[in-house]
Amino acid sequence: MKDTIKTIMLKAAAVAYEKGDLPSNQIPVMEVEEPRHASQGDFSTNFAMVSAGIQKMAPRKIAQNLVASIEPSELVEKIEIAGPGFINFFLTKEAWHPVVDRILELNTQYGSSDIGKKQKIQVEFVSANPTGPLHVGHGRGAAVGDAVGNILSFAGFDVQKEYYINDSGRQIRTLGTSVWLRLQQSLGKQIDFPEDCYKGDYIKDLAERALKEKGDGLLERDEPLAIEICAKFAAKIILGTIKEDLLQFGVDFDQWFSEQSLYDTKRVQKAIEDFKSKDLIYEQDGALWFRTEDFGDEKNRVVVRNNGLTTYFASDIAYHMEKYERGFDKVIDVWGADHHGYIKRIDASVVASGRKSEQFGVILVQLVNLIRGGVPVQMSTRAGEFVTLKDIVDEVGKDAARFMFLSRSYDSGLDFDLDLAKQKNSENPVYYVQYVHARITGILIKATKESLIFDIDFDKGKHLDLLQEKEEINLLKIMNSFRENVEKSATSLHPHVIFTYLMSLASAFHGYYNKHKVITANKEQTLARLSLVLSVKKVIRNGLTLLGVSAPERM
RNA sequence: GCGCCCGUAGCUCAGCUGGAUAGAGCAACGGACUUCUAAUCCGUAGGCCACAGGUUCGAAUCCUGUCGGGCGUACCA
């Protein structure tokens with residue numbers, strides 16, 4: 001629709017130039033937008049204002065000359081010049097009717113876009129260490145990463161969702177030690193449990209399982225080996241639990257990538273040697289340092305410590321090099337906001353290995369505050385007291401949890417109100433939107449029963465010219481802007497744009513529903529309105545799907 | 001100290017790649033079900049967009065500074 005307006009303007013500019021009404025035929029970059037107020041039309045363009053410089057003419061004068069050269073169209077009811085030089089278009093109601101046909105025809109693809117041009121893009125998210133269950137913060141990251149992936153894919157990108165498993169290094173050894181010591185304790189040995197070990201009860205469960213499944217063979221080993229066995233055993237089980245929890249949360253990855261594999265294939269070593277040969281890595285105080293300062297970091301960073309052990313940064317460098325070698329045009333990492341200090345470092349490594357900075361992006365997800373009974377739920381990861389993602393999903397359900405996580409921009413901290421997420425009324429956004437889908441399904445079922453309209457899943461609108469009510473046109477306008485919102489969400493990497501969109505569409509529908517009956521004695525009007533609500537149902541479903549939330553037929 | 005995010009209605013937040021009169025939900029108040037699901041709707045009220053400068057024809061939006069809140073600043077992960 002906006003493109004139509006642009007085309008009209010371009011034609012008008014050409015005509016006006018030929019008539020001599022405009023001194024220049026240069027075309028500026030114009031905006032076509034939907035004004036806030038109905039009195040300013042359906043669409044508005046700043047064409048005249050941004051032309052002022054080129055034409056050396058007052059914006060309002062340019063606007064007048066342009067409007068005089070606009071070809072009459074049956075889509076346009078009237079055109080007004082307003083304010084400093086805006087050209088406002090008021091469209092006829094008929095101009096909006098074809099939206100229904102487009103929705104019914106494109107169905108699940110309505111709203112999709114090709115702005116991604118099939119670019120290969122990877123979204124890596126969650127990537128929690130397999131040393132304990134996922135907590136609420138991971139949940140927000142999971143919801144965001146998954147939704148961003150869906151939205152990019154819908155916008156025409158070739159998306160891969162990946163989980164990076166930190167199955168190597170110190171945390172895994174600590175996990176092994178924790179399990180091993182709990183196991184010893186369970187056998188009656190008096191051991192002081194170290195501060196830096198994992199204290200959650202799940203460690204004790206893992207110790208029992210290890211004892212049962214690995215049995216005496218484990219106890220006969222030397223301690224270091226026993227710890228390693230415990231570590232591998234525990235990590236494998238925890239990772240399995242993580243996969244289950246994510247699946248229950250509706251998140252499925254295309255690939256699970258092991259950090260250990262980077263060592264097994266010598267990729268970490270190769271990366272270090274490669275950078276060394278380019279003098280990007282140097283030795284000092286017995287350690288190897290990467291010159292991240294040369295790429296804008298505050299200080300250089302260690303990749304190999306003076307005890308010979310690599311840091312996580314070393315494997316992260318190798319990992320990101322490997323990602324681009326797999327052919328991704330762009331790589332996006334979703335991290336918790338507490339990792340923001342890491343961005344420069346990784347960015348430096350990406351640029352150092354010959355990629356452009358624009359090919360790497362980080363989505364920083366701010367922290368989640370759980371609220372119950374109006375007060376924050378206290379959590380401490382160290383003490384093993386935290387609310388897990390599974391707890392949340394079990395308590396409020398997958399749909400409510402995901403919708404809540406995606407309701408706000410991830411740039412802001414999120415208060416997750418557990419009581420609110422469980423409410424089954426309009427205060428709970430997920431019900432507000434899902435209810436639209438269920439309500440429409442109810443109407444469609446009634447229509448098949450009472451009006452004997454059996455083949456209700458039209459692929460084309462019926463008697464659309466009978467859609468004349470203000471609320472009907474409003475719905476058409478909102479639905480028309482779905483693709484635009486998908487594109488905005490994709491380019492900004494902000495899934496809450498879809499949330500906001502769905503809320504406004506739902507609000508418009510509920511308003512319409514309360515004012516007008518869909519099924520009336522007038523058969524043609526009924527068919528027209530059924531076409532309309534059927535298309536609303538599809539748009540709601542498409543939007544919810546992007547966010548990973550189900551669209552129920554009944555509630 | 002330095003870096004990142006945030007500061008918009010009493011509360012929770014949209015709007016931020018500059019546009020005309022700043023929006024929604026909750027809370028408050030007043031209304032609407034013999035009706036396709038009231039898990040809904042309609043109305044009233046509520047604002048120096050933290051503050052101060054700057055850029056611009058035009059700033060909640062961009063720049064600088066100040067104040068306030070969160071997070072980070074390891075040869076940790």
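Chain naming here is simple, since letters A, B, ... match the order of the sequence lines and numbering starts at 1 in each. FYI, side chains are in, hydrogens and waters are out, and symmetry mates aren't considered; it's all heavy atoms of this structure.
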Requested in this report: Considering only atom C1', compute the distance from B/rC49 to B/rC62 and round it to an integer number of Å.
Outcome: 16 Å
Query raised in the report: Counting any heavy atom closer than 4.0 Å, what does A/Ser409 reach on the DNA or RNA strands: base, sugar-phosphate only, or nothing?
Result: sugar-phosphate
Query raised in the report: How about A/Lys2: does its NZ atom have over 12 heavy atoms from other parts shown lying under 6.0 Å from it?
Result: yes
Query raised in the report: What distance, rounded to whole Å, do you find between the two P atoms, one in B/rG43 and one in B/rA52?
Result: 35 Å
Query raised in the report: Looking only at atom P, what distance separates B/rU66 and B/rG3, rounded to whole Å?
Result: 10 Å
Polar pairs (N or O, both sides) under 3.5 Å between protein and nucleotides 73-75 of chain B?
residue : atom : partner  : partner atom : Å
B/rC75  : OP2  : A/Lys299 : NZ           : 3.4
B/rC75  : O2   : A/Asn306 : N            : 2.6
B/rC75  : O2   : A/Asn306 : OD1          : 3.2
B/rC75  : N3   : A/Asn306 : ND2          : 3.3
B/rC75  : N4   : A/Asp285 : O            : 3.2

Query raised in the report: With respect to the phosphate group of B/rC36, does any side-chain polar atom (N or O) of A/Arg529 fall under 4.0 Å of OP1 or OP2?
Result: no
Query raised in the report: What is the distance from atom CE of A/Met9 to atom CG of A/Leu66, rounded to the nearest 0.5 Å?
Result: 4.5 Å
**Report entry** A/Phe86-B/rA20 aromatic stacking (under 5.5 Å, under 30°)
**Finding:** yes
Query raised in the report: Would A/His37 pass as stacked on B/rU21, i.e. its ring centre under 5.5 Å from the base's six-membered ring centre and planes under 30° apart?
Result: yes
Report task. State whether A/Tyr513 places a side-chain N or O below 4.0 Å from either non-bridging phosphate oxygen (OP1 or OP2) of B/rA39. Result -> no
Report task. In whole angstrom, give the distance that lies between atom OH of A/Tyr410 and atom C1' of B/rC4. Result -> 14 Å
Query - A/Lys424 charged N/C atom sitting above A/Tyr431 aromatic ring, 6.0 Å / 45° - result: no
**Report entry** Closest to the A/His340 side chain, choosing from B/rC6, B/rC4, B/rG19
**Finding:** B/rC4
Query raised in the report: Nucleotide by nucleotide, 5' to 3', does protein get under 4.0 Å of the base (B), only the sugar-phosphate (S), or neither (-) in nucleotides 27-32 of chain B, counting heavy atoms?
Result: S-----
Requested in this report: Identify which nucleotide among B/rA14, B/rC41, B/rC5 has an atom closest to any side-chain atom of A/Thr500, counting heavy atoms from C-beta outward.
Outcome: B/rA14
Query raised in the report: From the list B/rA20, B/rG19, B/rA14, which nucleotide is the closest neighbour of the side chain of A/Arg36?
Result: B/rA20
Query raised in the report: To the nearest Å, how far apart are A/Tyr431 OH and B/rA38 P?
Result: 17 Å
Report task. Output the single nucleotide from B/rC5, B/rA22, B/rC16 whose closest atom is nearest the side chain of A/Lys488. Result -> B/rC16
Report task. Give the rounded distance in Å between these two atoms: NE2 of A/His516 and C1' of B/rC36. Result -> 14 Å
Report summary line: Assert: residue with more 5' nearest nucleotide on RNA chain B, out of A/Glu553 and A/Ser407, is A/Ser407
Requested in this report: Figure out the CZ/C1' separation between A/Phe43 and B/rG19, and round it to whole Å.
Outcome: 17 Å
Report summary line: Taken to the nearest whole Å, NZ/A/Lys344 to P/B/rG3 is 9 Å
Report task. Report yes if at least one side-chain N or O of A/His496 is closer than 4.0 Å to OP1 or OP2 of B/rG15; otherwise report no. Result -> yes
Report summary line: Classified by glycosidic angle (syn within 90° of 0, else anti), B/rC42 comes out anti
Query - Integer angstrom distance from the C1' of B/rA27 to that of B/rU35 - result: 31 Å
Query raised in the report: Just how far, in rounded Å, is P of B/rC36 from CE of A/Met555?
Result: 19 Å
Query raised in the report: Do you see a donor-acceptor pair shorter than 3.5 Å between the side chains of A/Glu471 and A/His516?
Result: yes
Query raised in the report: Are A/Lys344 and A/Tyr342 in a cation-pi setup, meaning NZ or CZ lies under 6.0 angstrom from the ring centre and within 45 degrees of the ring axis?
Result: no
Query raised in the report: C1' atom, B/rA28 versus B/rU64: distance in rounded Å?
Result: 42 Å
Query - Electrostatic pair A/Glu472:A/Lys470 at N-O distance under 4.0 angstrom - result: no
Report summary line: Contacts of A/Glu33 and A/Gly442 projected onto RNA chain B by closest heavy atom; the upstream (5') one is A/Glu33
Query raised in the report: Is A/Ser44 close to A/Val32 at the side-chain level, that is, under 4.5 Å between some pair of heavy atoms?
Result: no
**Report entry** Ionic contact status for A/Glu484 with A/Lys488, cut-off 4.0 Å
**Finding:** no
Query - Nearest-angstrom distance, C1' atom, B/rG23 to B/rA60 - result: 12 Å
Report task. Please work out if A/Met503 contacts a base, only the sugar-phosphate, or nothing of the nucleic acid, heavy-atom cut-off 4.0 Å. Result -> nothing
Report summary line: Rounded to whole Å, OH of A/Tyr512 lies from P of B/rC42 at a distance of 15 Å
Query raised in the report: When all nucleic acid strands are considered with a 4.0 Å heavy-atom cut-off, which category describes A/Asn88: base, sugar-phosphate, or nothing?
Result: base
Query raised in the report: NA contact type, A/His494, heavy-atom cut-off 4.0 Å: base, sugar-phosphate, or nothing?
Result: nothing
Query raised in the report: Can you find an N or O donor on one side and an acceptor on the other, under 3.5 Å apart, linking the side chain of A/Ser44 with the base of B/rA20?
Result: yes
Query - Residue pair A/Glu259 / A/Ser315, side-chain donor-acceptor N/O under 3.5 Å - result: yes
Query raised in the report: Going by atom types only, do A/Asp399 and A/Gln434 share a side-chain donor-acceptor pair under 3.5 Å?
Result: yes
Query raised in the report: Base, sugar-phosphate, or nothing: which does A/Ala438 touch, judged by heavy atoms less than 4.0 Å apart?
Result: base
Query - B/rC67 and B/rG25, which share atom name C1', separated by this distance in whole Å - result: 30 Å
Query raised in the report: Within 45° of the ring axis of A/Tyr513 and under 6.0 Å from its six-membered ring centre, is that where the NZ or CZ of A/Arg439 lies?
Result: yes
Query raised in the report: If you look at every strand shown and take non-hydrogen atoms under 4.0 Å, does A/Phe499 touch a base, only sugar-phosphate, or nothing?
Result: nothing
Query raised in the report: Can you check the A/Arg408 CZ to B/rC11 C1' distance for me, whole Å?
Result: 11 Å
Report summary line: Looking only at B/rC6, B/rA60, B/rC36, the nucleotide nearest the A/Asp411 side chain is B/rC6
Query - salt_bridge(A/Asp419, A/Arg372) N-O dist < 4.0 Å - result: no
